[in-house]
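A short worksheet on the structure shown next.
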Amino acid sequence: MTVWRRLLAALLLTLSLVGIPANALAAPPLPSPAVWPVNPPIEVIRGFEPPAVVWGAGHRGVDLAAPPGTVVRAAAGGIVSFAAVLAGRGVVVIDHGTVRTTYEPVTAEVAVGDVVVAGQRIGRLATGSHCVRSCLHWGLRQGREYLNPLSLLGGASGEVRLLGAAQRQLAATAARARAAAQAAIVAASVSATANSTGSAGRPGFTRPVRGPITSGFGMRLHPVLRIWKLHDGTDIGAACGTPIRAPYAGRVRAAYFNTGYGNRLIIDHGVVAGRHVATGLNHAASYLVGVGATVRRGQVIGFVGSTGYTTGCHLHLMVWLDGRVTNPMSWFS
């Protein structure tokens, strides 16, 4: 038995040294719906070729034939986490929660923090691709691992014509509806007041929990995924079970579980001080209200937890102003 244990230990050590193949990881939840990033007809001129080891040679994405100037679209809904020139090429990265998609070379027409939906235009294909023919290099990543972008579309490959114009329109319409629910960007205004839980911010919003700010808005190294990405809100430290209070009067537009955000609630506050405002409360243990509920400022609506990608109990507070994710501290005192 001792010999077998030694052999097993040696095998595990060898595997840790040579690395794990990228395609050996468990598949993460993928965003849906998803569409091609360029309009049909689609020609895949080089497919996904994962390296044998993480640092080895391979093709970490898919090349789609397209001439310079072609409109490039978001393959799925998410938040733009990078849009700039990198190593001489324009790159756009969209964070979908559990995974992110990459597009290059692209002249970006979006900015970091923009909320996009599947099929939304994000830029135009630029010159300088690595292909012999002009192409869009489309990538998909989970943390530091590369995945096959075609898995978003069911693994299609080769010269295909997956989505016709009518199907594409239906997918885009459904994506917009889903994103609207998630981002709570709707045209409604609810006026109600209640006692606040602390000092009011400039427009009268109050923090949903008391506690120190443990991580601010902006680019950071994600504590769980270990990747450099946009932290799209403000973390407020509070013990699990701490009551969460509505920061302002409004109506609940979304309540669901997300792999990254955990238990999530989004409140539409309508137009406040000339801006359309929505707030998002994430990682809760549970909520006491559901979609369609009208809430008043200071009302207990849930309890702090540690669901989703977290390292401990806290509330991740988000704010959208006129549809764009914004530093919450510009709206809260």
Side-chain angles (χ1 to χ4, degrees), residues 29 31 77-81 94-100 112-115 143 179 181-185 197-198 201 205-248 250 252-269 277-289 291 295 299-321 323-333:
I79 298 176
V80 178
S81 60
I94 300 176
D95 189 340
H96 307 287
T98 56
V99 296
R100 62 194 190 278
V112 171
D114 284 357
V115 177
Q182 292 180 347
I185 310 304
T197 59
F205 281 64
T206 56
R207 294 191 190 182
V209 296
R210 294 180 181 276
I213 294 176
T214 56
S215 185
F217 180 90
M219 299 300 293
R220 70 167 186 177
L221 181 67
H222 194 284
V224 176
L225 300 177
R226 308 306 299 170
I227 59 174
W228 188 254
K229 63 179 293 188
L230 174 68
H231 186 232
D232 55 13
T234 296
D235 289 345
I236 303 175
C240 281
T242 300
I244 301 172
R245 299 178 182 272
Y248 198 78
V252 177
R253 290 297 175 183
Y256 58 94
F257 179 83
N258 175 276
T259 303
Y261 292 109
N263 290 325
R264 190 176 206 200
L265 191 80
I266 298 176
I267 305 173
D268 176 12
H269 304 288
V277 189
T279 54
L281 310 166
N282 306 279
H283 304 309
S286 62
Y287 291 108
L288 301 175
V289 293
V291 174
V295 299
Q299 176 183 338
V300 176
I301 56 176
F303 302 96
V304 171
S306 184
T307 56
Y309 288 163
T310 71
T311 57
C313 301
H314 73 283
L315 178 74
H316 178 75
L317 173 64
M318 297 179 66
V319 171
W320 290 267
L321 298 181
R324 175 170 290 187
V325 68
T326 304
N327 184 349
M329 292 300 99
S330 68
W331 207 246
F332 287 79
S333 60

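Quick note: numbers below take in every heavy atom, side chains included, and nothing from hydrogens, waters or symmetry partners.
- Residues Cys313 and Ala239 share a closest heavy-atom pair of CB-C, 4.1 Å.
- Rounded to the nearest 0.5 Å, atoms CG (Asn282) and OG1 (Thr307) are 8.5 Å apart.
- In this structure, Thr326 contributes its side chain and Arg324 its backbone to a donor-acceptor pair below 3.5 Å.
- In terms of heavy-atom proximity, Tyr287 sits nearest to Leu281 at OH-O, 2.6 Å.
- When every heavy atom of Ile79 is checked against every heavy atom of Val115, the shortest pair comes out as CG1-CG2, 4.3 Å.
- Here the shortest heavy-atom pairing between Pro247 and Ile267 reads CD-CD1, 4.3 Å.
- For the atom pair NE2 of His316 and OG1 of Thr310, the computed distance is 11.5 Å after rounding to the nearest 0.5 Å.
- Between the Arg100 side chain and the Gly143 main chain, a donor and an acceptor come within less than 3.5 Å of each other.
- Between the NE2 atom in His231 and the CG atom in Asn327 there is a gap of 10.5 Å [rounded to 0.5 Å].
- Summarising the geometry of Val295 relative to Ala246, their closest heavy-atom pair is CG2-CB, 3.9 Å, with the distance given to 0.1 Å.
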Verdict with supporting geometry, His96 and Thr98, side chain to side chain contact (heavy atoms under 4.5 Å, CB included): CA-CA 6 Å; His96 307 287; Thr98 56; 5.8 Å; no
CA sep, side-chain torsions, deciding dist, call: Phe303, Leu288, side chain to side chain contact (heavy atoms under 4.5 Å, CB included): CA-CA 8 Å; Phe303 302 96; Leu288 301 175; 3.8 Å; yes
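- Residue Phe332 holds its CZ atom at 6.0 Å from OG1 of Thr279, rounded to the nearest 0.5 Å.
- Between the side chain of Thr242 and the backbone N or O of Val304, no donor-acceptor pair lies under 3.5 Å.
- In this structure, OG1 on Thr311 lies 9.0 Å from NE2 on His283, to the nearest 0.5 angstrom.
- Inter-residue side-chain proximity for Trp331 and Leu321 is flagged as met; some heavy-atom pair is nearer than 4.5 Å.
- Here the closest heavy-atom approach between residue Val99 and residue Pro31 is recorded as CG2-CD, 3.7 Å.
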Test side chain to side chain contact (heavy atoms under 4.5 Å, CB included) applied to Val252 and Ile301, step by step: CA-CA 10 Å; Val252 177; Ile301 56 176; over 6 Å; no
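- From His314, atom NE2 reaches atom CD1 of Ile236 across 9.5 Å, with rounding to the nearest 0.5 Å.
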Intermediate values then yes/no, side chain to side chain contact (heavy atoms under 4.5 Å, CB included), Ile213 and Arg207: CA-CA 11 Å; Ile213 294 176; Arg207 294 191 190 182; 4.0 Å; yes
